[in-house]
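Atoms within each ligand, like the ligands themselves, are counted from 1 in listed order. Values reported hereafter were calculated over all heavy atoms of this structure, with side chains retained and with hydrogens, waters and symmetry mates removed. Along the sequence shown, residues are numbered consecutively beginning with 1.
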Amino acid sequence: MKYRAPKGTRDILPDEAAVWSRIEDVFRASASRYGYGEIRTPAFEDVQLFIRSIGSDTDIVSKEMYDFEDKGGRHISLKPEGTAPVVRAFIQNNLQAVNPLTKLFYISPMFRYDRPQAGRYRQFHQLGVEAIGADDPLLDMEVIVLAVSFLHAIGLKRTTLLLNSVACGNCRPRYIESLKEYLAESQDDLCDDCRRRYVDNPLRLLDCKNPACKALLQKSPVISAYICDPCREHFDRMREGLDSLGITYTVEPAMVRGLDYYTRTAFEITHEGLGAQSSVAGGGRYDRLVKECGGPDLPGMGFAAGLERLVLALEAEETMSAQRMPCSVYMAALGDRARISALEYLYKLRDAGVYAEYDYLGRSLKAQMRAADKSGCKHIVIIGDDELDRGTASVKNLSEGIQTEVKLEELVAYLLK
Ligand code: HAM
């Protein structure tokens with residue numbers, strides 16, 4: 001029996017993991033500069049949290065949740081996204097008492113039982129932020145600017161920012177009415193799921209992948225044409241902010257996003273090198289979610305980017321600039337005595353921040369020299385029993401091809417220099 005990683009999951013090996021770490025470091029630094037503090041929430045939550053927040057008619061909840069009963073009979077789900085858990089943690093920890101505007105960021109695996117394909121996995125990773133407590137459209141702008149500048153900072157250029165307003169509790173019903181009216185005569189031509197959506201949650205009709213439904217919806221009314229004056233002013237003010245910084249975007253009047261909790265601002269950032277799964281980041285405002293989850297009536301705004309897709313986009317732009325730390329010193333010790341004596345210098349170098357390698361395969365000096373060459377190190381230190389007797393080591397500088405005899409007590413200082 002050969003075990004393989006479960007379908008839709010991947011092993012991230014050291015070279016790629018170096019790219020991940022670099023992206024994570026840039027994200028942490030960007031989010032921190034904007035005043036966001038890190039939050040880590042559990043990998044699983046009560047399933048009801050996701051049903052309540054994301055919505056029972058969404059694909060994420062109705063088809064993609066990793067939910068199960070645990071041994072204590074609790075119905076739980078691995079988290080399919082990060083906003084609901086952060087909102088749950090915000091409420092549970094009474095964070096509004098600490099600060100009237102709470103700004104949090106997270107880096108975490110997420111789980112969706114989706115059909116795996118390039119850029120779509122069952123375990124994937126999101127980098128996200130949530131700002132809870134203010135309905136200022138300039139906060140929407142801040143979250144979008146953070147997303148855009150983070151993508152630029154990791155080196156992505158071929159991205160497009162898509163914006164829309166998905167209405168609020170006051171104006172959305174008008175839109176829903178007109179969408180239903182538009183489809184009233186063709187209800188029978190909709191797929192089974194959409195016939196149900198038509199009654200329960202017509203907004204979700206717009207997510208359907210069925211070609212017949214898509215064709216029917218092609219000329220349907222668009223949500224942004226139905227927004228009320230306060231929603232329009234909110235949208236315009238946010239755009240004014242983005243315009244003042246020269247950030248370019250496209251208004252996508254039909255974009256509604258696949259989660260129920262959004263109100264007003266919705267945005268996505270796509271990358272042209274990604275094919276079908278082109279969205280590298282998405283987010284928006286959720287002014288009713290905190291209350292809906294049992295907390296105070298506070299508005300929120302956030303976004304999340306998919307790490308795997310960022311890596312694919314970087315590959316497409318051929319700007320994978322992260323590398324594993326290169327080896328500096330290869331310690332080639334020969335003979336029992338020398339192998340023990342060399343350890344002192346090996347660990348001193350490592351403690352001083354130097355990447356130093358050591359042979360554990362019992363290789364000959366020649367084989368160790370070859371391994372050292374392959375590691376790309378700058379110096380090889382050769383310590384054999386003869387050198388030990390003289391109290392020295394031979395240090396070979398590979399780039400200059402020079403070999404020097406160095407006193408053992410000066411070895412670490414010599415290499416650090
Ligand atoms: P989302 O659009 O569902 O939004 O996901 C955000 C990002 O996660 C996507 O743009 C994509 O890059 C990545 N992603 C989603 N599903 C997969 C998958 N199966 N495989 C690989 N990557 C994936 C949310 O999750 C919201 N919670 C974002 C948000 C935060 N809204 C407000 N605050």
Side-chain angles (χ1 to χ4, degrees), residues 7-10 12 20 23 27 31 36 39 41 45 49-50 53-55 58-61 63-66 78-90 102-132 139-140 142-144 146-147 150-151 154 156 159-162 164 166 207 255-271 273-290 293 299-314:
K7 189 170 176 188
T9 69
R10 295 176 62 229
I12 311 304
W20 282 49
I23 296 174
F27 181 71
Y36 292 74
I39 182 163
T41 66
E45 298 273 353
L49 173 69
F50 299 116
S53 55
I54 303 169
T58 58
D59 282 352
I60 297 178
V61 167
K63 300 180 184 156
E64 298 168 5
M65 270 205 303
Y66 270 94
L78 301 184
K79 54 182 168 185
E81 60 101 50
T83 310
V86 168
V87 165
R88 195 267 310 136
F90 170 86
T102 304
K103 292 164 77 168
L104 301 165
F105 80 85
Y106 49 89
I107 301 176
S108 174
M110 305 290 168
F111 307 87
R112 294 184 192 176
Y113 191 79
D114 212 335
R115 197 165 44 79
Q117 54 180 270
R120 199 204 272 164
Y121 308 98
R122 289 184 174 170
Q123 174 172 337
F124 60 100
H125 298 75
Q126 283 187 348
L127 311 124
V129 307
E130 311 296 344
I132 302 172
L139 177 65
D140 304 29
E142 172 178 287
V143 168
I144 294 172
L146 170 52
F150 157 61
L151 297 186
I154 61 168
L156 287 181
T159 55
T160 306
L161 168 62
L162 307 172
N164 197 22
V166 295
D207 305 335
M255 180 178 72
V256 293
R257 303 207 13 88
L259 302 99
D260 273 357
Y261 51 63
Y262 291 115
T263 49
R264 295 192 160 169
T265 307
F267 76 100
E268 265 180 35
I269 303 179
T270 57
H271 188 272
L274 286 188
Q277 308 303 318
S278 65
S279 161
V280 283
R285 181 160 274 289
Y286 44 87
D287 289 347
R288 296 186 299 180
L289 180 61
V290 182
C293 292
M301 169 77 198
F303 88 94
L307 237 168
E308 287 80 357
R309 292 193 194 168
L310 295 178
V311 174
L312 287 171
L314 284 170

message = How long is the straight-line distance from OG of S279 back to CD1 of I269, given to the nearest 0.5 Å?
response = 8.5 Å
message = Check for me whether G119 has a heavy atom closer than 4.0 Å to any atom of ligand 1.
response = yes
inquiry  = Within the 4.0 Å heavy-atom shell around A304, which atoms of ligand 1 are there?
reply    = 6 (C), 7 (C), 28 (C), 29 (C), 30 (C)
query = Do we get R10 above Y121's six-membered ring, with its NZ or CZ under 6.0 Å from the centre and within 45° of the axis?
reply = yes
request  = Report the nearest protein non-hydrogen atom to atom 27 (N) of ligand 1: residue, atom name, distance rounded to 0.1 Å.
outcome  = E81 OE1, 2.6 Å
request  = Would you confirm whether K79, through its side chain, and T41, through its main-chain N or O, come within 3.5 Å as a donor-acceptor pair?
outcome  = yes
task = Compute the minimum heavy-atom distance from G128 to ligand 1 and say whether it is under 4.0 Å.
result = no
inquiry  = Residue-level breakdown please: for F303 versus ligand 1, do any non-hydrogen atoms fall below 4.0 Å on the side chain, on the backbone, on both, or on neither?
reply    = backbone
ask   = Which atoms from ligand 1 have a heavy atom of G282 less than 4.0 Å away?
value = 10 (O), 28 (C), 29 (C)
ask   = What is the nearest protein non-hydrogen atom to atom 4 (O) of ligand 1, stated with its residue, atom name and distance?
value = R257 NH2, 2.9 Å
ask   = Who pairs with E142 by salt bridge (charged side-chain N to carboxylate O under 4.0 Å, His left out), at least two apart in sequence or on another chain?
value = K103
query = Which protein heavy atom lies closest to atom 33 (N) of ligand 1, and at what distance to 0.1 Å?
reply = E130 OE1, 2.8 Å
message = Quick check on E308 - does any of its heavy atoms sit under 4.0 Å from an atom of ligand 1?
response = no
Protein heavy atom at shortest distance from atom 10 (O) of ligand 1 = S279 OG, 2.9 Å
query = Between R120 and ligand 1, which residue portion shows a heavy-atom distance shorter than 4.0 Å: side chain, backbone, both, or neither?
reply = both
inquiry  = Quick check: V280 and ligand 1, any N/O pair under 3.5 Å apart?
reply    = yes
key: Pair D114 + R112, salt bridge at N-O below 4.0 Å   = no
query = How far is atom 24 (C) of ligand 1 from its nearest protein heavy atom, and which residue and atom name does that atom have?
reply = Q126 NE2, 3.9 Å
key: Whether F105 and F27 hold their rings parallel, tilted or perpendicular, with breakpoints at 30° and 60°   = perpendicular
Residue and atom name of the nearest protein heavy atom (relative to atom 18 (C) of ligand 1), distance in Å to one decimal = F124 CD2, 3.5 Å
query = Which heavy atom of the protein is the closest neighbour of atom 19 (N) of ligand 1, given with residue, atom name and distance?
reply = Y121 O, 2.9 Å
message = Under a 4.0 angstrom heavy-atom cut-off, which atoms of ligand 1 come close to Y262?
response = 26 (C), 28 (C), 29 (C), 31 (N), 32 (C)
request  = Would you indicate whether the side-chain heavy atoms of R285 and P299 approach each other to under 4.5 Å?
outcome  = yes
query = What is the nearest protein non-hydrogen atom to atom 13 (C) of ligand 1, stated with its residue, atom name and distance?
reply = G306 CA, 3.7 Å
